[in-house]
Each structure stands twice: as structure tokens, then as C-alpha cells.
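In the text below, chain A, chain B and the rest are named by the order of the sequence lines, each starting its count at 1. What you see is a predicted model, and the numbers here were worked out from it, not measured in a lab.
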Amino acid sequence: MARPRYQALKGTQDVLPPASARWEALLATYAATVERAGYGLVQSPMFEEIGVFQRESEGADAVRKEMYDFEDKGGQHIALRPEGTASVVRAFVQHHPLTPWKVWYATPAFRYENAQAGRFRQHHQVGLELLGTADPEADVEVVTIAAEFLHALGLRQVELQLNTMGTVDDRVRYVEVLQGWLRERVGDLDPEDQARVEVHPMRVLDSKRRATRAVTAEAPAIADHLSPESEAHFAAVVDGLSAVGIEPTMAPRLVRGFDYYTHTTFEFVPTLVDNAQATILGGGRYDGLVEELGGPPTPGIGFGSGIERLLIACDAEGVFPAPPTALDVFVVDVTGGAHARELTRELRAAGIRCDRAFDQRAMRAQMKAADRSGAPFAVIVGDQEVADGVATVRPLAEFGAEQTTVPRADLVAHVSALLTDLPSKDAP
RNA sequence: GUGGCCGUAGCUCAGCUGGUCAGAGCGCCGCGUUGUGGUCGCGGAUGUCGGGGGUUCGAAUCCCCUCGGUCACCCCA
């Protein structure tokens with residue numbers, strides 16, 4: 001068939017009802033989880049001056065070559081946010097709120113890359129940031145909340161991978177060790193990875209290529225090259241998690257995409273999803289980022305979680321079904337539509353969810369629409385009802401109730417009572 | 001940016017050694033029941049067969065280009 005003139009761009013998608021109901025439910029679950037822990041919503045602009053994301057130290061592909069950037073009419077170099085953290089940190093620096101500052105967000109994120117399973121040009125993240133404390137307890141809280149969130153969605157087959165990047169100094173020393181080790185084995189690496197030994201040695205650890213993995217399985221781990229302070233921090237995090245029953249998988253080769261991470265880094269990976277892009281939630285500590293964006297030295301930690309990937313993981317586990325369509329009543333008016341207008345207004349004002357048909361359709365068609373709407377009751381108004389000043393209430397599903405006729409004045413109360421008595425339809 | 005696979009009605013797909021090739025199921029609309037949905041029966045609408053070019057008497061079917069989708073690399077949520 002002919003493709004319409006305009007379509008959603010590559011790597012973007014429309015989320016329509018009823019599928020969008022899962023988004024609503026996910027967002028509600030997330031907000032409830034983090035607000036219970038004292039995090040407040042932060043809304044920041046979806047675009048920023050490009051420097052917010054693309055700082056001199058930043059070598060991540062997501063901001064180096066995948067940025068959606070443009071020059072605006074005033075000549076400013078603008079970029080659509082590729083991730084959530086940098087904007088929040090910029091807002092922190094700009095408004096200097098009291099610390100610890102605990103905020104959460106839900107936002108689209110943009111990266112110019114080719115789409116594949118679990119990867120889009122516009123994807124959506126929920127996340128949180130905790131700024132102003134270097135306490136390993138903060139690391140524990142953030143990871144714990146992440147785990148609670150995933151659990152609340154119904155996800156069970158999820159693995160937590162944990163690593164540490166140490167301090168900047170730790171990392172410099174480690175990279176030197178790692179680079180020297182890799183140089184001796186560069187010939188055994190996958191050709192595609194050989195050049196990276198010089199450019200970005202830690203990325204080699206993260207490679208998925210078989211030959212490279214065989215080599216790096218034996219590579220020195222950063223955990224063995226930490227300063228005593230960093231070691232103590234990491235140990236405290238591991239102990240704290242263990243104390244709340246979270247047993248992470250130590251992942252010495254876990255290298256997160258953004259260069260600003262220090263100390264704790266972590267990812268939650270669904271074990272049942274076989275996409276290459278499976279990580280549903282990732283985060284870590286970023287103790288130098290606030291300073292880099294012009295603020296006072298301030299430690300911070302947070303995570304981001306991809307909604308699209310969360311839903312893929314939920315599907316893989318067969319959990320988190322979309323809630324049923326939320327309608328209580330469908331008004332069928334075969335007198336032209338004016339009564340449907342009045343009744344829906346009345347019912348809605350009383351908090352009853354209802355819909356109606358348009359176009360003066362035949363009763364049969366309106367009843368069909370009522371059935372399809374999922375509402376448990378149809379309220380029918382025809383010439384006879386109008387003449388008698390009543391409305392007919394017809395049950396649409398199998399719960400034994402009889403079709404009844406009630407005075408118009410009693411309709412709302414009658415329907416309310418019926419809905420209250422409804423056999424629980426919330427069972428999954 | 002690179003590579004594999006794919007692109008026929010709203011959806012899922014059949015047709016593809018070129019010649020009733022424009023189809024099926026589901027869905028949608030109407031009617032049977034001029035005031036009652038879900039079952040059933042009958043009837044109906046919708047496609048420039050992704051787009052463009054080429055080969056041919058003839059192309060949804062073959063070739064080229066292009067666009068789009070999908071999966072993978074890179075990278076990340």
C-alpha cells in the first residue's frame with residue numbers, strides 16, 4: 001500500500017491506546033515508588049545549550065556523535081537531551097537548592113543512532129538523582145529504590161550488575177595498568193577492538209566480540225587497583241546492599257557509557273530478554289560532574305531507566321498487563337443525541353466514567369459500540385423513556401443483574417449503586 | 001556509519017518458476033431483529049501489491065536504484 005506522506009521518523013514511535021495505558025501505569029508506579037522515598041519531581045527543558053551535554057572531558061558516543069543538535073534562530077548551538085543527568089545537574093548548579101537534593105524525572109531522550117530492538121532515536125526514561133552526599137548509604141538507597149521499582153512492576157528475572165570506577169585518580173592509574181596489559185595481547189583482540197586499546201582501553205573490556213572477550217576475561221579488574229578510600233566506599237555499598245537482601249553480580253568489566261561516573265556503577269539486566277540492547281536501568285555515582293558544570297564540588301548519584309525496554313522486559317516475563325479499559329457506562333441515545341449529551345454530563349459530574357455514540361447511529365450500532373467499550377452497563381434512552389421520564393439500564397456482561405428502568409432523577413444514584421456492587425473485575 | 005533479512009487491505013498473511021494476480025482470515029460497515037450488544041447467517045467497503053526506473057506483448061511476481069521496517073555491529077535506556 002502507499003505509505004502516507006508523513007510518518008513517524010526512523011527510530012520514533014506513536015504509543016496509542018490501549019497500549020499507552022501501560023505507560024500510564026508504569027509512570028504511576030515509578031512516581032509512587034520514588035516519592036515514597038522523598039524524591040520530588042524535577043522538570044527541566046528538553047533542550048539545552050550543547051555544552052551542558054558535551055563537555056571537554058566527555059567522550060561517550062551518545063554525546064560525541066549521536067547528539068541531536070542544531071543552531072537556533074538566534075545562532076545558539078542547541079542540543080536535545082541525550083540523557084537525563086546532565087540537565088538535572090545544570091539545574092542544581094543554577095538554583096543551588098539545599099542538599100541532599102533528591103529529585104526524579106520522566107523525560108524523552110534523543111540520540112541519533114540506528115534503531116534496533118530496544119533502541120530508538122527518541123526513547124523515554126524515568127530516573128532520579130541524589131546530589132550532595134558522598135555517603136555510601138546514598139548509593140545503597142539509590143540501588144535499592146531501583147530494585148523496588150522493578151519489583152513493583154512485577155519484574156523478577158533481573159540481574160543487578162555492580163562495579164566501581166573508583167576516583168578519577170584511581171581510574172587514571174588503572175587505565176595505565178590495563179592499557180599496558182592489553183598492549184601485550186593486542187594481536188589476540190578482535191581487529192575492530194585493537195585500535196581502541198590506545199584510544200579508550202576501558203571500552204575494550206565492554207566489547208561483545210568473541211575474540212576480545214576471551215582475552216579480557218583475564219584482564220586486571222579496577223576493583224584490584226583502588227585506593228584504600230575507594231575500596232572502603234565500595235565495600236560499604238556492597239555490605240549495605242547485602243544487608244537489605246540485594247546480592248549483586250560483581251561485574252568488573254561493566255563500563256558505563258558516560259565518562260562522568262566515579263565509584264559505584266550499576267545496571268539491571270533482564271535475564272529473559274534476548275535482545276542485544278537489554279539493560280533496563282543503569283546508573284552510578286558522578287562526583288565530579290557538578291564541578292564540571294560550574295558548581296561547587298558536590299557528589300551525586302542517580303540512575304536512568306528506559307521505559308521501552310522496561311516494557312519489553314515485562315512482556316518477556318508476561319507481567320504487568322495493561323489495565324482494562326476504564327469505562328463504567330455507555331449511553332445509548334436513539335432520539336438524536338441531546339439526551340446522551342445531558343446524561344454523560346450528569347454521570348461524569350458524579351465521577352462515573354462514561355462515553356456515548358455520535359452521528360445518530362442505529363441502536364444496533366450503538367449497542368455494539370457499548371459492548372466494545374468494555375463498560376459493564378449501557379444506559380438506553382429512546383422515545384419511550386423520554387415520554388416516561390426514565391432511562392433503561394442494561395447490564396452488558398454476565399453478572400446476573402436484570403435490565404431495569406429507573407426515573408431519570410434516580411439514574412446517577414442507581415448506577416453508582418450498581419457499580420459498587422459489581423463483582424470484582426480487577427482480577428488479572 | 002556498516003551488514004543480513006523484509007515491505008501485498010486497518011491487522012496477520014497467502015499469491016512470487018512472469019499471463020482470471022488483486023486474495024484469505026480477523027476487524028470494520030449494513031441487514032436479518034424499523035428499541036437492545038456479545039453467538040449465528042447474508043451482504044458490503046477499503047489496496048496506485050512501499051516509491052521510481054528497467055526488461056517484456058504482458059510484472060505484485062525478474063533486474064537496478066531509492067525509501068521504510070526489522071535484526072545485528074558500534075553504542076546505550
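- Ring planes of A/Phe110 and A/Tyr68: perpendicular class, angle over 60° (limits at 30 and 60°).
- For A/Gln125 and A/Asn275, each mapped to the nucleotide of RNA chain B holding its nearest heavy atom, the one lying further toward the 5' end belongs to A/Asn275.
- Closest approach of A/Phe266 to A/Gly302, counting heavy atoms only: CZ-O, 4.1 Å.
- Across all strands, A/Leu281 comes closer than 4.0 Å only to sugar-phosphate atoms, never to a base (heavy-atom distances).
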Under 4.0 Å protein heavy-atom contact, by nucleotide of nucleotides 30-37 of chain B - B base, S sugar-phosphate only: SBB--BBB
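- Side chain to side chain, A/Arg394 and A/Gln403 meet the donor-acceptor criterion of an N or O pair below 3.5 Å.
- For the C1' atom pair drawn from B/C28 and B/G10, the interatomic distance equals 8 Å after rounding to whole Å.
- Put simply, the side chain of A/Asp328 never gets that close to the backbone of A/Ile352: no donor and acceptor are under 3.5 Å apart.
- Checked by atom type, the side-chain pair A/Glu129/A/Thr85 shows a donor-acceptor distance below 3.5 Å.
- Ring-to-base geometry places A/His123 in a stacked arrangement with B/A77 (centre distance under 5.5 Å, plane angle under 30°).
- Applying the 3.5 Å distance criterion, the base of B/A77 shares a donor-acceptor pair with the side chain of A/Glu113.
- Using a 4.0 Å heavy-atom criterion, one finds that A/Phe120 contacts the bases of the nucleic acid, with or without backbone contacts as well.
- Between A/Tyr260 and A/Tyr286, the ring-plane angle classifies as perpendicular under the 30° and 60° cut-offs.
- Separating the C1' atom of B/A72 from that of B/C65 is a span of 25 Å, rounded to the nearest Å.
- Side-chain contact, A/Thr271 with A/Glu159: no donor N or O sits under 3.5 Å from an acceptor N or O.
- Taking atom C1' on both B/C49 and B/G15, the two are 10 Å apart, rounded to the nearest angstrom.
- A/Ile307 has its CD1 atom 10 Å from the C1' atom of B/A77, to the nearest Å.
- Spacing between atom CD of A/Glu66 and atom P of B/G1 amounts to 12 Å, rounded to whole angstrom units.
- Between the CG atom of A/Leu128 and the C1' atom of B/A77 there is a distance of 14 Å, rounded to whole Å.
- Protein atom OH of A/Tyr112 is 15 Å distant from nucleotide atom C1' of B/C74, rounded to whole Å.
- One atom, CG of A/Leu189, and another, P of B/C74, lie 13 Å apart when rounded to the nearest Å.
- Taking atom C1' on both nucleotides, B/U33 is separated from B/U39 by 14 Å, rounded to a whole Å.
- Proximity of A/Gln116 to the phosphate of B/A72: a side-chain N or O atom is located under 4.0 Å from OP1 or OP2.
- Note: CD (A/Glu129) to P (B/A77) measures 12 Å, nearest angstrom.
- The stretch residues 137-148 of chain A participates, sequence neighbours left out, in these salt bridge (Lys or Arg N to Asp or Glu O under 4.0 Å) pairs: A/Lys102-A/Glu141, A/Asp139-A/Arg285.
- Backbone-only contact: A/Ala117 has heavy atoms under 4.0 Å from sugar-phosphate atoms and none from a base.
- Distance, A/Asp274 CG to B/U70 C1': 14 Å, rounded to whole Å.
- Pair check for B/C29 finds B/G43; Watson-Crick or G-U wobble, both atom distances under 3.5 Å.
- Between B/A45 and B/G23, the distance separating the two P atoms is 11 Å to the nearest Å.
- Taking only distance into account, the side chain of A/Arg119 never meets the base of B/C71 through a donor-acceptor pair shorter than 3.5 Å.
- Rounded to the nearest Å, the gap between the P atom of B/G27 and that of B/G35 is 26 Å.
- The residue A/Gly127 sits apart from the nucleic acid: no heavy atom pair falls under 4.0 Å.
- B/U55 and B/G18: their C1' atoms are spaced 11 Å apart (whole Å).
- Per the geometry, CG belonging to A/Asp14 stands 16 Å off P belonging to B/G10, to the nearest Å.
- Rounded to whole Å, the C1' atom of B/G4 lies 29 Å from the corresponding atom of B/A9.
- In terms of position along RNA chain B, the nucleotide closest to A/Lys10 lies nearer the 5' end than the nucleotide closest to the other residue of the pair A/Val255 and A/Lys10.
- Listed by first and then second residue, the salt bridge (Lys or Arg N to Asp or Glu O under 4.0 Å) pairs that reach into residues 32-54 of chain A are A/Glu48-A/Arg90, sequence neighbours excluded.
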